[in-house]
Trainee: 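Starting off with a structure, shown below.
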Amino acid sequence: MSRSPAIVQAARGPELSPLDIAAGQAYGEIPVEIPPATLPPLRALELSLARALERPPCVVAFSGGRDSSVILCVAARVAREEGLDAPIAVTHRFRDVPATFEDEWQELVLRHAAVSEWVRLEHGAELDMVGPVAARVMEEHGRFFPAGIHAWQPLFEQARGGTLVNGMEGDVLFGAWWWAGLGDLRARRRRPRPRDLLTALHAHAPDPLARAAGRRRNPSPSLPWLTETARRRMSALRERHLVRQPVRFDAYVRWAVSRRVVQLTRRELDRLAAGAGASNLHPFQDPAFLAGLAAAGGRDGFGDRTATTRHLFGGDLPDAVVARPAKVLFDGAFLNDHSRALAPAWDGQGFDPELVRAEVLREEWRRPVLPTRTALLLQDLWLRRRAERTT
């Protein structure tokens with residue numbers, strides 16, 4: 001059985017297995033300790049941001065979504081209160097992908113936060129998964145995970161000598177808890193509904209029944225390029241991972257930041273930051289913030305995404321942003337010209353045949369829109385081509 005050298009190297013790198021790479025995802029947990037709470041979550045967030053503001057430039061990765069807007073608005077308020085330099089908003093703008101434009105939301109937040117310095121990084125195809133920026137990062141650092149993390153490199157360069165602040169994991173912490181509806185019911189924030197009994201049974205079901213219910217509630221993504229054995233293995237890993245999502249909100253907070261994908265992503269971002277001469281701050285992963293969030297939410301949390309955002313940060317955000325729709329997707333910005341040029345040139349060789357159905361992957365890579373979950377395989381192919389050119 002042959003495996004590509006790049007896949008073997010990747011498994012040694014950021015603790016990815018060949019199956020992780022073939023499926024484009026890393027399930028499981030890496031335990032994280034959270035100390036006892038000493039501060040409310042908002043106060044913990046303020047102190048975390050103050051440390052970044054004290055080491056300018058304080059650059060906020062700002063998309064206009066709820067999480068980056070929270071970070072920017074709170075940082076701007078703290079800067080005014082403490083007499084510090086205001087944060088700088090930095091935004092990726094993909095001129096050829098209009099679906100990613102969020103100018104109206106971004107301008108609303110900037111006016112509300114009274115932030116005047118806004119850097120917009122205009123991009124064409126250079127942030128493609130195997131484009132020039134990704135190539136430079138792979139040449140300097142080797143394999144990285146997740147596949148799109150190279151897009152942070154230009155942001156870190158803007159923060160050289162200071163700190164880049166991000167709102168990562170806000171989506172999961174504030175809006176992805178499966179049992180938010182059950183928490184609303186237990187906290188008497190709403191009246192019972194007919195399906196609540198089934199939800200409660202699912203929440204407390206033995207492991208095999210919980211997995212079956214989870215499959216119906218959250219089906220596995222279609223990954224047709226994987227072999228049947230690989231799909232079964234990935235589905236089992238996914239189910240074991242998701243079925244552990246706690247029924248209590250405070251336990252969910254700990255589970256959410258212990259996810260393997262979170263820890264690997266954080267490690268990669270720290271590595272990129274160090275290479276760019278910047279610091280990297282994840283305020284929503286700060287232990288004091290997490291402890292305060294878990295303590296404040298207790299057993300039942302705060303409700304859905306909008307209710308949670310309003311409860312925690314409503315005093316800092318425009319209400320329209322608190323209740324805004326889901327954020328846009330950026331797939332078209334990262335799988336474009338360079339990926340479409342590389343993929344069809346693949347000869348079908350090099351990937352483990354026990355994991356990847358080469359003929360199916362070739363068909364997937366001939367489609368007008370390439371599957372996002374194949375990005376790590378594309379990068380593996382790029383790494384192998386580079387190794388062949390240098391030998």
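Computed from a predicted model, the values in this text were never measured in an experiment.
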Trainee: Is it true that Arg367 and Glu364 have a side-chain N and a carboxylate O under 4.0 angstrom from each other?
Mentor: yes

Trainee: With no hydrogens and no angle check, is any side-chain donor or acceptor of Glu126 less than 3.5 Å from a backbone partner on Gly131?
Mentor: no

Trainee: Before accepting this row, confirm whether a basic side-chain N of the pair Arg248/Asp300 lies closer than 4.0 Å to the acidic partner's carboxylate O.
Mentor: no

Trainee: How about Phe289 and Leu47: do any of their side-chain heavy atoms sit closer than 4.5 Å?
Mentor: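 SC-SC contact between Phe289 and Leu47 ruled out.
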
Trainee: Quick one: does any side-chain atom of His150 pair with a main-chain N or O of Asp128 as donor and acceptor, under 3.5 Å?
Mentor: yes

Trainee: Verify the ring-centre separation between Phe174 and Phe284: is it less than 6.0 angstrom?
Mentor: yes

Trainee: Is the distance between the ring centroids of Trp152 and His92 under 6.0 Å?
Mentor: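 No: the rings miss the under 6.0 Å criterion.
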
Trainee: Give a yes or no on whether a salt bridge exists between Arg51 and Asp286, defined as a side-chain N under 4.0 angstrom from a carboxylate O.
Mentor: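 Yes, charged N to carboxylate O under 4.0 Å.
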
Trainee: Is it true that Glu363 and Arg366 have a side-chain N and a carboxylate O under 4.0 angstrom from each other?
Mentor: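 A salt bridge links Glu363 with Arg366.
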
Trainee: Can you hop from Val70 to Trp177 via hydrophobic side chains spaced under 4.5 Å?
Mentor: yes

Trainee: Under a 4.0 Å threshold between the charged nitrogen and the carboxylate oxygen, would Asp250 count as salt-bridged to Arg254?
Mentor: no

Trainee: Looking only at the side chains, is there a donor atom on one of Trp118 and Thr91 sitting less than 3.5 Å from an acceptor on the other?
Mentor: yes

Trainee: Are any of the side-chain nitrogens in Glu102 or Arg93 under 4.0 Å away from the carboxylate oxygens of its partner?
Mentor: no

Trainee: Hey, what's the ring geometry for Trp365 with Trp346, parallel, tilted or perpendicular (30° and 60° as the breaks)?
Mentor: perpendicular

Trainee: Without hydrogens or angle criteria, can the side chains of Asn280 and His282 be said to hold a donor-acceptor pair below 3.5 Å?
Mentor: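 Yes.
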
Trainee: If you group Ile, Leu, Val, Met, Phe, Trp and Tyr by side-chain heavy-atom gaps below 4.5 Å, do Leu164 and Val74 land in one group?
Mentor: no

Trainee: Are the side chain of Arg259 and the backbone of Ala256 linked by a donor-acceptor contact shorter than 3.5 Å?
Mentor: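 Side chain of Arg259 to backbone of Ala256: a pair is present.
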
Trainee: Under 4.0 Å between a Lys/Arg side-chain N and an Asp/Glu carboxylate O for Asp171 and Arg305?
Mentor: yes

Trainee: Test your reading of the model: is there a side-chain donor-acceptor pair from Asp196 to the backbone of Arg193, 3.5 Å cut-off?
Mentor: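 Between the backbone of Arg193 and the side chain of Asp196 there is a qualifying donor-acceptor contact (under 3.5 Å).
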
Trainee: With salt bridge (Lys or Arg N to Asp or Glu O under 4.0 Å) as the test, would you mind laying out the steps for Arg136 and Glu139 before giving the verdict?
Mentor: CA-CA 5 Å; Arg136 178 158 55 94; Glu139 287 169 350; over 6 Å; no

Trainee: Do Leu121 and Gln158 make a side-chain contact, defined as non-hydrogen atoms from C-beta onward lying under 4.5 Å apart?
Mentor: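 SC-SC contact between Leu121 and Gln158 confirmed.
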
Trainee: Arg340 side chain to Val369 main-chain N or O, any donor-acceptor pair under 3.5 Å?
Mentor: no

Trainee: Does a side-chain N-to-carboxylate-O contact under 4.0 Å join Arg231 and Glu354?
Mentor: no

Trainee: For residues Phe313 and Leu45, determine if any side-chain heavy atom of one lies less than 4.5 Å from a side-chain heavy atom of the other.
Mentor: yes

Trainee: Does any non-hydrogen side-chain atom of Glu169 lie less than 4.5 Å from one of Asp67?
Mentor: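 They are not in side-chain contact.
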
Trainee: Step by step, would you call Arg357 with Glu228 a salt bridge (Lys or Arg N to Asp or Glu O under 4.0 Å)?
Mentor: CA-CA 9 Å; Arg357 302 164 64 196; Glu228 184 62 31; over 6 Å; no

Trainee: So, for Asp184 and Gly303, which heavy atoms are closest and what is the spacing to 0.1 Å?
Mentor: OD1-CA, 3.3 Å

Trainee: Does Trp105 have its ring centroid less than 6.0 Å away from the ring centroid of Phe62?
Mentor: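 Distance test on ring centres: not under 6.0 Å, no.
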
Trainee: Are the side chain of Arg55 and the backbone of Gly162 linked by a donor-acceptor contact shorter than 3.5 Å?
Mentor: yes

Trainee: Is there side-chain contact between Val165 and Leu49, with at least one heavy-atom pair below 4.5 Å?
Mentor: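 Val165 reaches Leu49 side chain to side chain.
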
Trainee: Would His202 and Trp179 count as a close aromatic pair, with their ring centres under 6.0 Å?
Mentor: yes

Trainee: Could you check whether Glu29 and His241, counting side-chain N and O atoms only, form a donor-acceptor pair closer than 3.5 Å?
Mentor: yes

Trainee: With a 4.0 Å cut-off, would you call Glu359 and Arg362 a salt bridge?
Mentor: no

